[in-house]
Amino acid sequence: MSEEVRLQELIAQKEAQNRLLQAENERQSQEIKLLKEKIDLLLRRLFGSKSEKLDAAQLELLLKDLELGKAAASAEKAEATPNVEALKPVARASAKKQRRERWPKDLPVEQEVIEPTEVRDNPEALRCIGEELTEMLDFQPAKFFRRQIIRRKFVRRDEAELAPVIAPLPESLQQRCIAAPGLLAQVIVSKYCDHLPLYRQEQIYWDRHQVWLPRQSMARWIQLASEWLKPIYRQIKDQMMRGSYIQVDETPIRYLDPGNGKTGQGICGWPIDRVKMCSSSGTRHERRSVWIN
């Protein structure tokens, strides 16, 4: 009889343990669900669009439900719980620590050795035991130079009556065009990348280098270069149009309208950007821009 009582007590203990484990399982399931909702809210707040972002007070009110069923939570879990307002300052601090390199490692180096007067006067009397290095960043302004292409003519020694042999001229934008590829690249980059108009380039080249390049000539060079660059433009455009998601935006531009006393407005073109979608945590843009006239 005592054996039967002992078995009943053991069964009761097991049932009590099962009930405790079941309650703990339900509590952990609820905690996991709340944590998933919390992560989703954090992602929406940090990476979502402006319309989807939540106010900090609303987010804290929603996250208070996480404390349900966690009255006996340990201090380690409380410290591990991320704080929404504390995330941004930490990210900013870590971003500030990542300092950008001042110059590339393969930047050319020009060394200047300065010897003391005593060494220059009597170099045999002193022995070098070391050196001190002081490094500074210098800049050499751009300069113009005349590039002369010399094509020598040759005739055959045994057939002097034949026409002379001469190498052909390299291809250029236009016959008798004085703009070399380097000068043409400088004009285009200054105008479209550095936003330097042609009339200002004309003034700079004359004031600093005493080289006269009329803006009309530079405008003609740019027009000729655009014809040469059309195959590249078409290739970029074809790649853009094959994208799965394309953004289009009209670009208004003001232009002079003499006689009316005001400026007119026109459309310069449509910059098209292809966007690459990635994970559900956000959208990462893969910028590919092209102008369609």
Side-chain angles (χ1 to χ4, degrees), residues 1-102 105 236-251 270-290:
M1 189 66 181
S2 59
E3 183 69 20
E4 183 178 354
V5 172
R6 191 178 63 83
L7 290 176
Q8 289 179 356
E9 292 178 354
L10 182 61
I11 293 173
Q13 292 177 1
K14 296 297 183 181
E15 290 179 352
Q17 291 179 0
N18 289 336
R19 287 194 296 269
L20 291 176
L21 291 175
Q22 187 175 3
E24 180 67 17
N25 189 18
E26 292 179 357
R27 188 190 65 80
Q28 291 183 359
S29 299
Q30 184 180 7
E31 181 179 350
I32 292 173
K33 180 180 178 182
L34 293 174
L35 287 174
K36 288 182 178 180
E37 293 178 356
K38 181 177 180 180
I39 293 173
D40 183 64
L41 290 173
L42 288 173
L43 293 176
R44 286 174 56 191
R45 177 168 176 81
L46 296 177
F47 306 107
S49 60
K50 186 175 181 181
S51 61
E52 294 181 352
K53 291 184 178 180
L54 300 177
D55 183 75
Q58 295 179 350
L59 189 60
E60 290 179 1
L61 182 62
L62 290 174
L63 296 181
K64 284 182 179 179
D65 293 339
L66 187 63
E67 301 299 327
L68 296 177
K70 296 180 62 179
S74 62
E76 294 180 356
K77 290 185 178 180
E79 293 178 357
T81 303
N83 191 343
V84 176
E85 296 300 326
L87 286 176
K88 292 186 179 179
V90 172
R92 292 175 183 173
S94 61
K96 289 182 179 180
K97 292 180 181 179
Q98 297 177 357
R99 296 185 59 183
R100 181 181 298 178
E101 295 293 336
R102 289 188 174 182
K105 296 181 180 179
I236 296 176
K237 179 182 175 182
D238 292 340
Q239 293 181 1
M240 294 295 303
M241 299 305 293
R242 287 198 297 266
S244 59
Y245 177 39
I246 299 177
Q247 293 181 345
V248 181
D249 184 19
E250 295 181 354
T251 304
W270 289 267
I272 296 182
D273 295 334
R274 185 174 63 189
V275 179
K276 181 179 180 180
M277 303 292 293
C278 51
S279 63
S280 60
S281 60
T283 304
R284 181 174 56 194
H285 293 262
E286 187 182 77
R287 304 291 296 184
R288 296 290 188 272
S289 298
V290 63

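Note that these values count all heavy atoms, side chains included, but never hydrogens, waters or copies made by symmetry.
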So, taking the atom named CG in Asn18 and the one named NZ in Lys14, what distance separates them when rounded to the nearest 0.5 Å?
8.5 Å
By side chain to side chain donor-acceptor pair (under 3.5 Å), Gln28 pairs with (sequence neighbours left out) Glu24
For Glu15, what residues pass the side chain to side chain contact (heavy atoms under 4.5 Å, CB included) criterion, not counting sequence neighbours?
Ile11, Arg19
Side chains of Leu34 and Glu37 in contact at under 4.5 Å (non-hydrogen atoms)
yes
Residue pair Lys36 / Lys33, side-chain heavy-atom distance below 4.5 Å:
no
From CD1 (Ile32) to CZ (Arg27), nearest 0.5 Å
10.0 Å
